[in-house]
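Here is the structure we will look at.
Order of listing sets the numbers, starting from 1, for every ligand and every atom in it.
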Amino acid sequence: MEFCVMPISGFFPKVTAYTLLLFLLLSCSSTEAYDALDPTGNITIKWDIINWTPDGYVAVVTIYNFQQYRHIQAPGWTLGWTWAKKEVIWNMVGGQTTEQGDCSRYKANLPHCCKKNPTVVDLMPGTPYNQQITNCCRGGVLNSWVQDPATAASSFQVSVGAAGTSNRTVRVPKNFTLKAPGPGYTCGPAKIVKPSKFVTADKRRTTQAQMTWNVTCIYSQFLAQKTPTCCVSLSSFYNETIVPCQTCACGCQNVTQPGSCINPKTPHIASVVPSSGKTNYTPLVQCTNHMCPIRVHWHVKLNYKEYWRVKVTITNFNYNMNYTRWNLVVQHPNFNNLTTVFSFNHKSLNPYASINDTAMLWGVKFYNDLLTRAGPMGNVQSELLFQKDQATFTFEKGWAFPRRIYFNGENCVMPPPEAYPWLPNTSSSRPVSTFNLVMTFLSAMTFLYGYA
Ligand SMILES: *[C@@H]1O[C@H](CO)[C@@H](O)[C@H](O)[C@H]1NC(C)=O
Ligand SMILES: *[C@@H]1O[C@H](CO)[C@@H](O)[C@H](O)[C@H]1NC(C)=O
Ligand SMILES: *[C@@H]1O[C@H](CO)[C@@H](O)[C@H](O)[C@H]1NC(C)=O
Ligand SMILES: *[C@@H]1O[C@H](CO)[C@@H](O)[C@H](O)[C@H]1NC(C)=O
Ligand SMILES: *[C@@H]1O[C@H](CO)[C@@H](O)[C@H](O)[C@H]1NC(C)=O
Ligand SMILES: *[C@@H]1O[C@H](CO)[C@@H](O)[C@H](O)[C@H]1NC(C)=O
Ligand SMILES: *[C@@H]1O[C@H](CO)[C@@H](O)[C@H](O)[C@H]1NC(C)=O
Ligand SMILES: *[C@@H]1O[C@H](CO)[C@@H](O)[C@H](O)[C@H]1NC(C)=O
Ligand SMILES: *[C@@H]1O[C@H](CO)[C@@H](O)[C@H](O)[C@H]1NC(C)=O
Ligand SMILES: CC(=O)N[C@H]1CO[C@H](CO)[C@@H](O)[C@@H]1O
């Protein structure tokens with residue numbers, strides 16, 4: 001879905017079905033792992049050999065999340081590779097392999113891992129200090145680069161034996177795999193690059209790695225093969241129609257099956273919902289027409305002379321998930337004149353220097369950066385104020401609605417353009433009547449807080 005680039009200007013009412021189909025076929029036929037809103041987004045794994053040892057080396061491996069808005073949430077990353085020779089891992093700091101493997105060829109002093117293809121995970125917060133290194137021990141959680149570069153990297157140290165002991169004899173590992181935690185990332189081959197330089201904390205001395213190689217991994221929603229996890233609903237002050245999320249936007253296969261979703265009106269079932277303690281990451285959603293864990297509602301709220309105002313509400317329908325450090329990416333042509341965002345952080349993304357139509361929104365720390373699980377508290381909201389550019393501004397043809405929305409990097413299912421609320425014929429830019437406002441407010445309230 002993600003690499004199906006949708007036409008972004010207007011809603012192509014004049015385009016014939018045939019041209020549209022052709023366009024979709026053309027733009028969807030390429031399955032290359034590439035995200036139009038974050039074209040250079042990648043995860044880079046840097047492997048720095050710090051020193052050589054009698055039978056190998058000690059390296060610090062760092063995973064950098066260079067993706068603007070895609071993060072890795074609990075239960076965290078898993079990194080795998082295949083050794084080129086018969087290397088073993090003597091010891092690790094700030095990470096561990098999930099299996100030791102067969103170390104029977106060693107007698108007294110057993111390695112940490114003897115597998116040909118080790119799998120490494122991060123340690124958990126609270127690891128004893130003598131087993132930590134900088135940037136370790138966050139349970140494999142990586143923030144997105146825009147939200148917090150300081151926690152967008154994760155490191156561990158590995159002591160490798162039975163390996164090359166100089167830059168001429170060492171062999172780079174092969175077949176890197178990164179799971180986050182499911183599929184989705186494809187990693188290229190390790191490339192030997194210029195040795196990294198490290199500056200001491202007081203900036204008075206620079207040291208450098210003996211040797212460095214880099215691996216780049218790229219995400220593709222196609223590989224992740226996920227059903228959509230998010231949908232968009234729309235409303236406006238100028239038309240009382242509320243356009244709901246598309247029916248079955250996130251699948252309906254087993255709706256009738258008992259236990260496939262939770263009806264909030266049957267509290268005895270809702271109370272069986274697993275809560276604290278258990279870590280179950282499969283979504284357990286509230287029964288709705290769309291069955292999505294996340295709904296984003298865009299309400300065109302007010303029309304001022306020089307500004308217009310939108311209210312954005314994100315609702316969590318998943319009983320199994322508190323979304324920490326959530327983010328939203330929204331594409332709309334008026335983001336070049338976004339004036340104020342109330343109660344969310346924001347940053348404009350400029351994937352193509354000349355077009356400034358995309359912004360990233362995320363929660364304010366300790367205030368609304370946690371989107372709690374489904375229930376009365378399971379939503380966050382904010383209002384956006386845009387300055388009108390009189391040349392392009394209009395309420396017609398759904399112009400005021402977003403072109404594209406991502407929640408945590410996943411494309412949200414939009415309603416079909418023909419269903420968008422229309423502007424009534426007569427009142428194109430007349431100031432809002434109070435009656436209308438009250439009606440829209442009431443219906444929006446019923447919609448947002450009444451259970452579907
Ligand atoms: C990975 O991302 C970094 C930071 O945005 C960028 O400098 C680098 O060129 C990217 N690498 C690839 C292979 O795209
Ligand atoms: C290997 O090390 C030698 C010095 O010991 C250096 O001259 C050479 O450039 C290094 N080669 C690589 C690939 O790092
Ligand atoms: C790496 O993966 C490819 C494809 O999965 C496989 O053909 C190849 O044998 C693997 N190489 C090693 C060294 O495991
Ligand atoms: C290797 O990765 C590091 C860290 O991301 C980066 O600073 C460096 O530029 C990369 N080197 C190359 C040649 O891509
Ligand atoms: C739906 O239920 C059937 C029977 O219980 C099961 O085999 C199937 O995997 C389920 N499908 C999904 C998408 O959960
Ligand atoms: C979500 O957070 C609430 C309150 O902090 C907690 O009681 C609940 O167990 C958490 N649920 C999950 C699935 O993490
Ligand atoms: C994009 O628009 C935002 C909001 O008006 C503005 O702050 C930012 O400077 C603009 N960026 C560019 C590159 O024009
Ligand atoms: C509101 O929009 C809907 C389309 O979603 C349309 O059917 C309806 O006629 C519009 N109402 C008015 C008053 O224009
Ligand atoms: C809007 O105008 C068109 C013709 O211009 C007319 O057919 C339609 O009925 C009008 N709709 C409303 C809601 O007045
Ligand atoms: C009305 C207004 O402020 N328009 C500005 C919107 O943003 C573009 C580019 O960012 C400016 O060129 C316009 O002047």
Side-chain angles (χ1 to χ4, degrees), residues 11 13 32-49 59-71 79 134-135 142-147 149-150 152-155 172 176 178 185-199 206 208-209 211-220 232-246 297-300 347 349-353 360 395-401 409 414-430 432-433 435-437 439-440 443-444 447:
F11 286 102
E32 75 192 53
Y34 165 80
D35 182 342
L37 298 183
D38 188 8
T40 62
N42 67 77
I43 290 188
T44 296
I45 300 155
K46 186 163 69 84
W47 193 302
D48 288 312
I49 296 184
V60 171
V61 179
T62 305
I63 303 171
Y64 294 92
N65 182 10
F66 286 131
Q67 300 176 104
Q68 308 254 43
Y69 46 78
R70 186 168 286 108
H71 60 199
L79 180 66
T134 311
N135 283 332
L142 283 179
N143 230 325
S144 71
W145 194 256
V146 166
Q147 273 165 280
S154 194
S155 299
V172 299
F176 279 86
L178 178 69
Y185 288 92
T186 315
C187 300
K191 288 206 182 84
I192 295 171
V193 299
K194 269 205 342 231
S196 303
K197 296 203 162 142
F198 309 100
V199 182
T206 302
Q208 81 179 56
M211 191 175 180
T212 299
W213 56 77
N214 274 6
V215 178
T216 304
C217 307
I218 306 227
Y219 182 82
S220 141
V232 177
S233 57
L234 307 169
S235 62
S236 64
F237 67 82
Y238 52 79
N239 181 325
E240 59 209 45
T241 306
I242 292 168
V243 181
C245 277
Q246 280 198 41
H297 184 76
W298 178 279
H299 175 61
V300 178
K347 180 174 186 282
L349 300 180
N350 289 98
Y352 312 99
M360 178 167 158
F395 280 129
E396 279 173 44
K397 291 183 185 155
W399 188 87
F401 297 108
M414 301 288 295
E418 64 272 14
Y420 284 25
W422 294 351
L423 187 63
N425 281 355
T426 44
S427 62
S428 43
S429 53
R430 214 176 53 186
V432 198
S433 86
F435 172 74
N436 235 342
L437 256 187
M439 283 311 294
T440 318
S443 43
F447 173 69

Least distance between heavy atoms, W47 atom then A59 atom: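 Smallest interatomic distance, heavy atoms only, reads NE1-CB, 3.3 Å.
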Heavy-atom pair with the smallest gap, counting every atom of I242 and H297: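 The pair with the smallest heavy-atom distance is CG2-CE1, 4.2 Å.
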Test log, rule side-chain contact (heavy atoms from CB on, under 4.5 Å), inputs V300 and F401: CA-CA 8 Å; V300 178; F401 297 108; 3.7 Å; yes
Taking only heavy atoms of [X] into account, list the atoms of ligand 8 that are under 4.0 Å away from them.
| X | result |
| --- | --- |
| A419 | 5 (O) |
| Y420 | 4 (C), 5 (O) |
| P421 | 2 (O), 5 (O) |
| T241 | 1 (C), 2 (O), 3 (C), 5 (O) |
| N239 | 1 (C), 2 (O), 3 (C), 8 (C), 10 (C), 11 (N), 12 (C), 14 (O) |

Backbone of [Y] reached by a side-chain donor or acceptor of [X] within 3.5 Å:
| X | Y | answer |
| --- | --- | --- |
| Q246 | M414 | yes |
| N65 | Q67 | yes |
| Y352 | A36 | yes |

Among W422, Y420, F237, ring pair (Phe, Tyr, Trp, His ring centres under 6.0 Å) partner for F395: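 Checked W422, Y420, F237 against F395; only one passes ring pair (Phe, Tyr, Trp, His ring centres under 6.0 Å): F237.
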First-shell residues of ligand 4 [heavy atom, distance under 4.0 Å]: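 Within 4.0 Å of ligand 4, protein side: T44, K46, Y64, F66, V193, N214.
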Side-chain donor-acceptor distances from residues 190-198 under 3.5 Å, at least two apart:
residue : atom : partner : partner atom : Å
S196    : OG   : K46     : NZ           : 2.9
S196    : OG   : D48     : OD1          : 2.7
S196    : OG   : D48     : OD2          : 3.4

Test of ring centre spacing under 6.0 Å for Y185 and F176: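 Centroid distance Y185-F176: not below 6.0 Å, so no.
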Ligand 8 to V243 polar contact by distance, N or O atoms, under 3.5 Å: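 No - when backbone and side-chain N and O of V243 are compared with those of ligand 8, no distance drops under 3.5 Å.
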T40: numbered ligand 1 atoms lying under 4.0 Å from its heavy atoms: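 Within the 4.0 Å cut-off of T40, ligand 1 contributes 1 (C), 2 (O), 5 (O), 10 (C).
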